[in-house]
Every structure is written in C-alpha cells, then in structure tokens.
*Asks:* 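Pasting a structure here, questions to come.
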Amino acid sequence: MITLIRKAIPTDLDRLMEIFSIARRFMQTTGNPNQWINGYPQRELIAQEIEADHCYAVENESGIIIATFCFIQGPDPTYAYIEDGQWPNDRPYYVIHRLASDGTCPGIGKYCFDWCFQQFPCLRADTHADNKVMQHVLTKNSFTRCGIIYVSNGTPRIAYQKD
C-alpha cells in the first residue's frame, strides 16, 4: 500500500536507479525493447531531475520507495510540434515523465496520475508506440491520445493529455 509521494532527494538515487532497471526489464518482457535503451534514464539525468525538484519518490507503508516519476511544469519543448492530431487546448500544463515502478504495488500508475491531477488539472504525457502497457494505463486513467510528438533524439512518441 502506498502512503507517501514526496520529492526525491539525492540519497534516493541508488534506489531510483534500481527501479529504472526493473522497469527496463519489464518493458523488454512486455514487447517494448526500444523505449529505454542504452541505460536510459541515466544516473546523471535523474540526479539533475532531483536537483531541479522534478523527481518524485513513491513510498509504501514501510517507507520503501516502490516507484518514481518526474513531474515538470510545461511548456515542454518536445510538445511544441505535434502531428497526426492536435492538443485539445493551449492551457498551462504539467508533464509526467519517466514513471517507473518496482512492480510490487498494482495500480501504481493510477495512484501517481491521480496525485498529479490533484496538483494541477491539466496533464500531458507520452510513450513509445511499443509500450502497450503504458498506453493502456494512460487511457484507463482518462488521458486522451492527441497525436505524435518527437523526443530530443528524434524518435516518435504517442502524446496524451488529461484535463
């Protein structure tokens, strides 16, 4: 059971990297071997996200970190251009990036998305076309598919919004 979502701190970094490793293995076994490759997200990136106060840790009742995500105020430059659709509006938004879990708590995606929506009523997220699990979690949690965006390395992602 989840008891706390809090900003991550530097001493959380080792555990967060363990969770990302677990998530990469999960993605590979569920038909998504191409999204988080070459060690992405790298330790340096997550350390920067912690420093910028964008990274969050999700704890269970024992105080063990079981999930993480980044919650970043827009505008996100990768969302400026969208094809095969459009954003439903130009309202201010927050972006949810790099949601990952250790797999010990079913429903963690819903819990995190609900928490984010309580913080700000317009959310955006994106995921790889092969990430059927995340696509399902997003649509199940009232996110609408809006089109295709391209991340910094030039690869496409399916973009979603909830408001």
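The first residue of the sequence shown is numbered 1, and numbering continues consecutively from there. Hydrogens, waters and symmetry mates play no part in the numbers below; they use all other heavy atoms, side chains included.
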*Asks:* Please report the interatomic distance OG1(Thr139) to CE(Met134), rounded to the nearest 0.5 Å.
*Replies:* 11.0 Å
*Asks:* Which pair of heavy atoms, one from Trp36 and one from Arg98, lies closest together, and at what distance?
*Replies:* CZ2-CA, 3.8 Å
*Asks:* Could you check Thr68 against Arg15 for side chain to side chain contact (heavy atoms under 4.5 Å, CB included), going step by step and ending with a plain yes or no?
*Replies:* CA-CA 10 Å; Thr68 183; Arg15 176 62 180 152; over 6 Å; no
*Asks:* Give a yes or no on this: more than 12 heavy atoms of other residues, nucleotides or ligands lie within 6.0 Å of atom CD of Glu61.
*Replies:* yes
*Asks:* Kindly indicate whether a cation-pi arrangement holds for Lys162 with Phe117, taking the cut-offs as under 6.0 Å to the six-membered ring centre and within 45° of the axis.
*Replies:* yes
*Asks:* Looking only at non-hydrogen atoms, find the nearest pair between Ile50 and Pro10 and report the distance.
*Replies:* CG2-N, 3.7 Å
*Asks:* Is the closest basic N to carboxylate O distance between Arg43 and Asp14 below 4.0 Å?
*Replies:* yes
*Asks:* Charged N to carboxylate O under 4.0 angstrom, Asp76 versus Arg124?
*Replies:* no
*Asks:* Could you tell me whether the side chain of Glu83 reaches within less than 4.5 Å of the side chain of Pro156, counting heavy atoms only?
*Replies:* no
*Asks:* Say whether Ile108 and Ile19 are linked into one hydrophobic cluster, either directly or through other cluster members, by side-chain heavy-atom distances under 4.5 angstrom.
*Replies:* no
*Asks:* Would you kindly confirm whether Ile9 and Ile66 end up in one hydrophobic cluster when ILVMFWY residues are joined by side chain heavy atoms under 4.5 Å apart?
*Replies:* no
*Asks:* Name the residue from Leu123, Ile5, Val95, Asn141 that meets the side-chain contact (heavy atoms from CB on, under 4.5 Å) definition with Cys116.
*Replies:* Leu123
*Asks:* Nearest 0.5 Å, please: how far is CD in Gln86 from CD1 in Ile82?
*Replies:* 8.0 Å
*Asks:* Could you give the distance from CD1 (Ile149) to OG1 (Thr155), rounded to the nearest 0.5 Å?
*Replies:* 8.5 Å
*Asks:* Under a 4.5 Å side-chain heavy-atom rule over Ile, Leu, Val, Met, Phe, Trp and Tyr, are Val137 and Ile96 clustered together?
*Replies:* yes
*Asks:* Ignoring hydrogens, what is the shortest heavy-atom contact between Cys122 and Pro92? Give both atom names and the distance.
*Replies:* CB-O, 3.3 Å
*Asks:* To the nearest 0.5 Å, what is the distance between CD (Gln161) and CZ (Phe143)?
*Replies:* 9.0 Å
*Asks:* Looking at Cys112 and Val58, what are the two nearest heavy atoms and their distance?
*Replies:* SG-CG2, 3.8 Å
*Asks:* What about Phe71 and Phe120, are their ring centers closer than 6.0 Å?
*Replies:* no
*Asks:* Test Tyr56 against every option in Tyr111, Trp115, Tyr94 by the ring-ring contact (aromatic ring centres under 6.0 Å, His included) rule and name the one that passes.
*Replies:* Trp115
*Asks:* May I ask you to decide if His128's main-chain N or O and Gln135's side chain share a donor-acceptor pair within less than 3.5 Å?
*Replies:* yes
*Asks:* Show the nearest heavy-atom pair for residues Tyr160 and Trp87, with the distance to one decimal.
*Replies:* O-CZ3, 3.6 Å
*Asks:* So which heavy atom on Pro106 is nearest to which on Thr104, and how close?
*Replies:* CD-O, 3.8 Å
*Asks:* Could you check whether any side-chain heavy atom of Glu18 comes within less than 4.5 Å of a side-chain heavy atom of Ile65, counting everything from C-beta outward?
*Replies:* no
*Asks:* For residues Leu138 and Ile148: do they belong to one hydrophobic cluster (side chain heavy atoms under 4.5 Å, members Ile, Leu, Val, Met, Phe, Trp, Tyr)?
*Replies:* yes
*Asks:* Hey, what do you get for CG (Asp53) to NZ (Lys7), rounding to the nearest 0.5 Å?
*Replies:* 4.0 Å
*Asks:* Flag yes if Ile158 and Tyr79 sit in one hydrophobic cluster, no otherwise; membership is Ile, Leu, Val, Met, Phe, Trp, Tyr, and two members link when side-chain heavy atoms are under 4.5 Å apart.
*Replies:* no
*Asks:* Hey, does Arg6 have a side-chain heavy atom less than 4.5 Å from the side chain of Asp12?
*Replies:* yes
*Asks:* Does any N or O in the side chain of Arg157 come within less than 3.5 Å of the main-chain N or O of Asp126, such that one atom is a donor and the other an acceptor?
*Replies:* no
*Asks:* Could you tell me whether the side chain of Leu16 reaches within less than 4.5 Å of the side chain of Cys55, counting heavy atoms only?
*Replies:* yes
*Asks:* For atom CG of Asn89, decide whether the heavy atoms of other residues, nucleotides or ligands shown that lie under 6.0 angstrom number more than 12.
*Replies:* yes
*Asks:* Set out, in order, the CA-CA distance, both residues' side-chain angles and the distance that settles side-chain hydrogen bond (donor to acceptor under 3.5 Å, both in side chains) for Tyr40 and Arg24, then state yes or no.
*Replies:* CA-CA 9 Å; Tyr40 181 88; Arg24 277 192 297 275; over 6 Å; no
*Asks:* Can Thr30 and Asn32 be said to form a side-chain hydrogen bond (donor to acceptor under 3.5 Å, both in side chains), step by step?
*Replies:* CA-CA 6 Å; Thr30 57; Asn32 183 21; over 6 Å; no
